[in-house]
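Input: a single structure, listed below in structure tokens.
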Amino acid sequence: ASEKIIPPYYIYLKTAYHLSQEARSGIKEFTLTPEFQHELFDFQQTAVKIAARHLRNEKRGGAMIGDVVGLGKTITACAIAKIYETTYASSTLIICPANLQEMWRKYANKYDLKVDIMSMSKPIDVDNARYYRLIIIDESHNLRNGGNGKRYANIKQLIEHQDSNVLLLTATPYNKDFSDLANQLKLFISEDQDLGIRPEAYIRELGGERQFLQKHSEVFIRSIKAFEQSHCIEDWNELMKLFLVRR
């Protein structure tokens with residue numbers, strides 16, 4: 001507070017500084033191995049560090065790289081797998097459509113990654129599977145329908161059983177409905193998990209928090225289940241800021 005008038009530009013800079021705090025922390029926190037420092041463009045290196053930061057956040061446990069086709073989601077994911085490999089001495093599981101397995105094998109060989117590569121359609125023996133600290137799901141929009149699908153339930157069970165971090169890769173995060181996003185996020189987020197934010201636009205539309213609780217008495221207001229009640233794009237934009245890296 002001051003008698004001096006603060007220029008709007010300074011307020012803009014301060015707001016940008018606070019909104020970018022997590023991204024800046026990720027950029028300082030993680031160091032890429034030399035091969036990726038040489039091969040990745042600056043915007044890809046930044047994506048690696050921000051996504052790694054999202055993954056490390058205990059309240060989230062997952063991230064989504066939603067770059068459009070051609071911006072290098074695969075090599076970005078390889079760099080993140082390498083960070084996990086060198087930091088935690090752990091293996092990564094890559095789940096992808098069957099036709100992409102050979103491509104992933106080539107990347108794994110090129111960067112000497114300790115990964116297992118599995119077709120999305122192949123059943124996983126959850127109880128006897130080796131431990132993976134990181135699970136990468138390529139073309140994750142194939143799981144957007146969620147529901148009672150066997151492959152969705154199988155993958156979700158493995159993630160829950162191992163408490164793995166999850167990296168989703170998709171150029172088309174959602175098709176027609178916000179439930180597409182919710183189902184992908186629910187692979188690693190429980191329905192009642194405290195996300196730290198609420199669907200504010202929808203709450204305002206209803207007339208306030210009391211009205212929301214009256215209409216959705218069984219729903220925790222800061223959960224993904226609460227966001228599933230909202231049709232407001234503003235709410236989904238705010239939610240995806242916690243998980244999505246997209247250029």
Side-chain angles (χ1 to χ4, degrees), residues 20-97 99-120 124 129-141 155 158-159 162-171 173 184-185 187-188 240-247:
S20 65
Q21 186 169 354
E22 185 167 27
R24 288 183 291 101
S25 297
I27 290 167
K28 286 188 284 188
E29 185 176 343
F30 297 100
T31 304
L32 275 70
T33 52
E35 68 266 44
F36 289 108
Q37 288 179 10
H38 292 131
E39 289 208 22
L40 294 182
F41 293 110
D42 287 345
F43 77 89
Q44 292 172 325
Q45 292 191 33
T46 302
V48 169
K49 294 174 181 180
I50 294 172
R53 176 76 176 180
H54 288 348
L55 288 166
R56 280 276 300 275
N57 189 308
E58 290 181 4
K59 287 186 176 179
R60 299 173 202 172
M64 176 186 283
I65 296 180
D67 289 352
V68 296
V69 174
L71 291 188
K73 289 185 295 297
T74 306
I75 191 171
T76 301
C78 286
I80 293 170
K82 198 68 173 180
I83 286 175
Y84 266 70
E85 186 180 308
T86 55
T87 304
Y88 304 112
S90 63
S91 298
T92 296
L93 174 63
I94 296 167
I95 300 174
C96 63
N99 64 317
L100 295 182
Q101 288 182 99
E102 187 56 35
M103 177 201 74
W104 275 104
R105 287 191 193 99
K106 288 177 181 176
Y107 274 96
N109 289 333
K110 181 177 180 180
Y111 297 112
D112 190 28
L113 297 174
K114 292 183 174 64
V115 299
D116 289 334
I117 299 162
M118 186 177 293
S119 168
M120 196 174 274
I124 303 167
R130 65 184 295 189
Y131 173 70
Y132 302 102
R133 178 129 194 169
L134 176 65
I135 295 176
I136 296 173
I137 303 176
D138 196 5
E139 304 284 342
S140 65
H141 54 266
I155 293 169
L158 177 69
I159 292 165
Q162 300 201 347
D163 195 24
S164 308
N165 290 153
V166 179
L167 180 63
L168 307 175
L169 308 178
T170 173
Q184 290 173 78
L185 295 179
L187 283 165
F188 55 86
M240 293 311 293
K241 282 178 185 178
L242 301 180
F243 302 99
L244 180 63
V245 179
R246 180 176 173 86
R247 277 70 48 84

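Just so you know, these numbers come straight off a predicted model, no measurement behind them.
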Please name the pair of heavy atoms, one in Q184 and one in M64, separated by the smallest distance, quoted to 0.1 Å. OE1-CE, 3.5 Å
So, taking the atom named CD1 in I136 and the one named CG in N165, what distance separates them when rounded to the nearest 0.5 Å? 11.0 Å
Minimal heavy-atom distance between A51 and A63, with the atoms involved, is O-CB, 4.0 Å
Spacing of L134 atom CG and K82 atom NZ [to the nearest 0.5 Å]: 13.5 Å
Which atom pairs, one a donor and one an acceptor, fall under 3.5 Å between side chains of residues 68-80 and the rest of the protein, sequence neighbours left out?
unit_1	atom_1	unit_2	atom_2	d
K73	NZ	D67	O	3.1
T76	OG1	G72	O	2.8

Just verifying a value: how many Å separate I135 CD1 and S164 OG, rounded to the nearest 0.5 Å? 3.5 Å
To the nearest 0.5 Å, how far apart are CG in L158 and CD1 in I124? 5.0 Å
Candidate list Q45, H38, E39, test side-chain contact (heavy atoms from CB on, under 4.5 Å), partner L32, passing option: Q45
Closer than 3.5 angstrom, by distance alone: can the side chain of K110 be matched with the main-chain N or O of R105 as a donor-acceptor pair? no
Is a donor on one side and an acceptor on the other found under 3.5 Å between the side chain of E85 and the backbone of S90? no
Report, as yes or no, whether the 6.0 Å neighbourhood of atom CZ on F43 holds more than 12 heavy atoms from other residues, nucleotides or ligands. yes
Residues forming a side chain to side chain donor-acceptor pair (under 3.5 Å) with Q44, sequence neighbours excluded: none
Under the ring pair (Phe, Tyr, Trp, His ring centres under 6.0 Å) test, which residues partner Y111, sequence neighbours left out? F36
Are any of the side-chain heavy atoms of H54 and L242 separated by less than 4.5 Å? no
Quick one: closest heavy-atom pair of L167 and I65, and the distance? CD1-CG1, 4.0 Å
Quick one: are F188 and L168 in side-chain contact, heavy atoms under 4.5 Å? yes
Pairs meeting criterion ring-ring contact (aromatic ring centres under 6.0 Å, His included) with involvement of residues 69-92, two or more places apart: Y84-Y88
Sequence neighbours excluded, which residues qualify as side-chain contact (heavy atoms from CB on, under 4.5 Å) partners of M120? I95, P97, I137, N142, L143, R151, I155
If the condition is side-chain contact (heavy atoms from CB on, under 4.5 Å), which residues does D116 pass it with, not counting sequence neighbours? L93, R130, Y132
Under the criterion side-chain contact (heavy atoms from CB on, under 4.5 Å), which of L100, L169, T170 is the partner of E139? L100
CZ of R133 to CD of Q162, rounded to nearest 0.5 Å, is 12.0 Å
Can you measure from CD1 (I94) to OH (Y107) and round to the nearest 0.5 angstrom? 11.5 Å
Return the minimal non-hydrogen interatomic distance between W104 and C96, and the atom names on each side. CD1-SG, 3.7 Å
Any donor-acceptor pair under 3.5 Å linking the side chain of R53 with the backbone of V48? no
